[in-house]
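Side chains included, hydrogens not; waters and symmetry mates left out as well; all remaining heavy atoms used. The first residue in the sequence is number 1, and the count goes up from there.
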Amino acid sequence: MPLFQLILLAVIQGITEFLPISSSGHLILLPQLTSMADQGQTIDVAVHVGTLGAVILYFWSDVKEALLGLPRLLRGKLDTPGARLAFLLIVATIPAILVGLVLKVTGLADMMRSALVIGVTMLVFGVVLWWADQKFPDTREAREWTLREAWILGLWQAVALIPGTSRSGITITGARFMGYARADAAKISMLMSVPVIIASGVLLGLDIATSDDAVVVKDAAIAAGFAFVSALLALVLMMRLLRTVSFTPYVIYRVVLGAGLILWSLS
């Protein structure tokens, strides 16, 4: 794959992964709206793995706490904040893993990679995000996250496997419905991405391990590296903006892009 396309894909992924505008949707649209060849799901997952590094670095204190709590969780104890956070993240990941496996086995994952599907989900879930952000309180903090809410947000996250939905967008929407402040909703969403991307990365690793194509391995590594850099910059910027700006600008972008894609697909 040309280096320019790899870098472009990585930058698109890095910028859109943490904004509620669907990184996977943009990655799918790029080849459909240009003359570029479809990069395939291997590169898609590779750039997601690159953004994983950005999340871990930015939220290192929380990730470290969860990692330190894992040994106690494995012994069946939830008596530390780290063990509790690790448990909540695992619970929130289960629905996405189960639904993801079903989509992969049945082939539905590939069937949904269309501009029309992305247009509909962009538009619909953009409006839902606006409703949650404007009509619900923003008083709760991330440390108040409960087991029941982890499971519910996990179900929301599973919906994001439909291209154009936006994993961060749908989980932030769910957290805003629960009354979490914008920055805290984003924090929960970003932490939820860690085990999900790890699971996707494991599947990617298995695919690469069984492949003799050194070019694919090199392309995946390059894409992941550039995605890490762009994602870290985007994450820092977004978390700062959320202190003073609502999600309305992202909603407007989603609605305009979604409507445009629907019209383009049906024309």
**Q** Closer than 3.5 angstrom, by distance alone: can the side chain of Gln32 be matched with the main-chain N or O of Arg113 as a donor-acceptor pair?
**A**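 Yes, because the side chain of Gln32 sits within donor-acceptor range (under 3.5 Å) of the backbone of Arg113.
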
**Q** Just wondering, are more than 12 heavy atoms of other shown residues or ligands nearer than 6.0 Å to CZ in Phe59?
**A**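 Yes.
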
**Q** Mind listing the closest non-hydrogen atom pair of Met112 and Pro163 along with its distance?
**A**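 It is O-CG, 3.5 Å.
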
**Q** Show your reasoning for whether side chain to side chain donor-acceptor pair (under 3.5 Å) applies to Gln134 and Thr248.
**A** CA-CA 9 Å; Gln134 296 295 317; Thr248 299; 3.2 Å; yes

**Q** Between Val91 and Val196, is there a shared hydrophobic cluster once you connect ILVMFWY residues whose side-chain heavy atoms come closer than 4.5 Å?
**A**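 Looking at the clustering, Val196 is in a separate group from Val91.
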
**Q** How close do Thr34 and Leu30 get, heavy atom to heavy atom, and via which atoms?
**A**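 Closest approach of Thr34 to Leu30: OG1-O, 2.6 Å.
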
**Q** Check for me, please, whether Leu74 and Ile198 land in the same ILVMFWY cluster - side-chain distances under 4.5 Å, paths through other members count.
**A**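 Not linked; separate clusters.
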
**Q** Do Gln157 and Thr171 have side-chain atoms, one donor and one acceptor, less than 3.5 Å apart?
**A**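 Per modelled atom types, Gln157 and Thr171 side chains form no pair under 3.5 Å.
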
**Q** Considering non-hydrogen atoms only, spot the tightest contact between Asp184 and Glu141 and give its length.
**A**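 Residues Asp184 and Glu141, closest heavy atoms: OD2-CA, 3.5 Å.
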
**Q** Does one hydrophobic cluster hold both Met111 and Val105, with members joined at side-chain heavy-atom distances below 4.5 Å?
**A**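 No, no single cluster joins them.
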
**Q** Looking at Arg148, I want to see if its CZ is surrounded by more than 12 non-hydrogen atoms of other residues, nucleotides or ligands under 6.0 Å.
**A**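 Atom CZ in Arg148 is not crowded, with 12 or fewer foreign heavy atoms closer than 6.0 Å.
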
**Q** So which atom in Lys187 and which in Ala142 form the shortest heavy-atom distance, rounded to 0.1 Å?
**A**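 That would be CD-CB, 4.1 Å.
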
**Q** Examine Leu68 and Leu57 and state if one hydrophobic cluster contains both, with Ile, Leu, Val, Met, Phe, Trp and Tyr joined whenever side-chain heavy atoms are less than 4.5 Å apart.
**A**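 Different clusters.
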
**Q** Does one hydrophobic cluster hold both Leu241 and Ile252, with members joined at side-chain heavy-atom distances below 4.5 Å?
**A**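 As far as the 4.5 Å side-chain criterion goes, Ile252 and Leu241 are not connected within one cluster.
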
**Q** Under 6.0 Å from the ring centre and within 45 degrees of the ring axis: does the NZ or CZ of Arg140 meet both conditions for the six-membered ring of Tyr180?
**A**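 Cation-pi check for Arg140 and Tyr180: passes.
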
**Q** Picking from Leu8, Ile7, Leu6, what satisfies side-chain contact (heavy atoms from CB on, under 4.5 Å) with Phe4?
**A**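 Exactly one option meets the side-chain contact (heavy atoms from CB on, under 4.5 Å) with Phe4, and it is Leu8.
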
**Q** Is the shortest distance from a Lys or Arg side-chain nitrogen in Arg176 or Asp138 to a carboxylate oxygen in the other one below 4.0 Å?
**A**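 The answer is no: the pair does not qualify as a salt bridge.
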
**Q** As an exercise, state the distance from OG of Ser22 to CZ of Arg254, rounded to the nearest 0.5 Å.
**A**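 One finds 6.5 Å between OG of Ser22 and CZ of Arg254.
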
**Q** Can you pull out every ring pair (Phe, Tyr, Trp, His ring centres under 6.0 Å) where at least one residue sits in residues 247-267? Sequence neighbours excluded, please.
**A**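 For residues 247-267, and leaving out neighbouring residues, the ring pair (Phe, Tyr, Trp, His ring centres under 6.0 Å) pairs sorted by first residue read His26-Tyr253.
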
**Q** Can you check whether Ala37's main-chain N or O pairs, donor with acceptor, with Gln5's side chain at less than 3.5 Å?
**A**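 Present.
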
